[in-house]
Amino acid sequence: MPSIFLKDQAINKAPAIVGFEIARFLQSSGKERVSIFDVVDHFKRESWFSSNSFLYGLTFLYSVGLVDFDEPYLIARDAD
């Protein structure tokens, strides 16, 4: 991914923004492990939601070390 923000892309679909929304949901859930199906169900009606934007958002969170995967769960890691 050469650039995290593309000038012809809606800003609310950018990986960092989508990742922030996912991280905020994980934090507000109060659980360490959340099913990915619950996360998708929560966001599927949002205007930014598409499979690509969701995948890129998760990839962003994983690459910066904020989430980990234990199928089918997303595990929120401590951000110190």
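Here, residue 1 is the first one in the sequence, and each next residue gets the next number.
Note that the CD1 atom of I17 and the CD1 atom of I22 stand 12.0 Å from one another [nearest 0.5 Å]. A distance of 7.5 Å separates CG in L26 from CG in L61, rounded to the nearest 0.5 Å. Atom CG of D68 is separated from atom CZ of R77 by 5.5 Å, given to the nearest 0.5 angstrom. With values rounded to the nearest 0.5 angstrom, F60 atom CZ is found 14.5 Å from S53 atom OG.
Residues in residues 20-36 take part in these salt bridge (charged side-chain N to carboxylate O under 4.0 Å, His left out) pairs, two or more places apart or across chains: E21-R24, R33-D70. Residues in residues 47-65 take part in no salt bridge (charged side-chain N to carboxylate O under 4.0 Å, His left out) pair, two or more places apart or across chains.
Residues F54 and I75 do not share a hydrophobic cluster, defined by chaining ILVMFWY side chains whose heavy atoms lie under 4.5 Å apart. Hydrophobic clustering of Ile, Leu, Val, Met, Phe, Trp and Tyr side chains at less than 4.5 Å, counting indirect connections, unites V64 with V18.
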Identify all side-chain donor-acceptor contacts of residues 35-49 below 3.5 Å with residues at least two apart in sequence or on another chain.
unit_1, atom_1, unit_2, atom_2, d
S35, OG, F37, N, 3.2
D41, OD1, K44, NZ, 2.9

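For Y73, the OH atom sits in a loose shell: 12 or fewer heavy atoms of surrounding residues, nucleotides or ligands are nearer than 6.0 Å.
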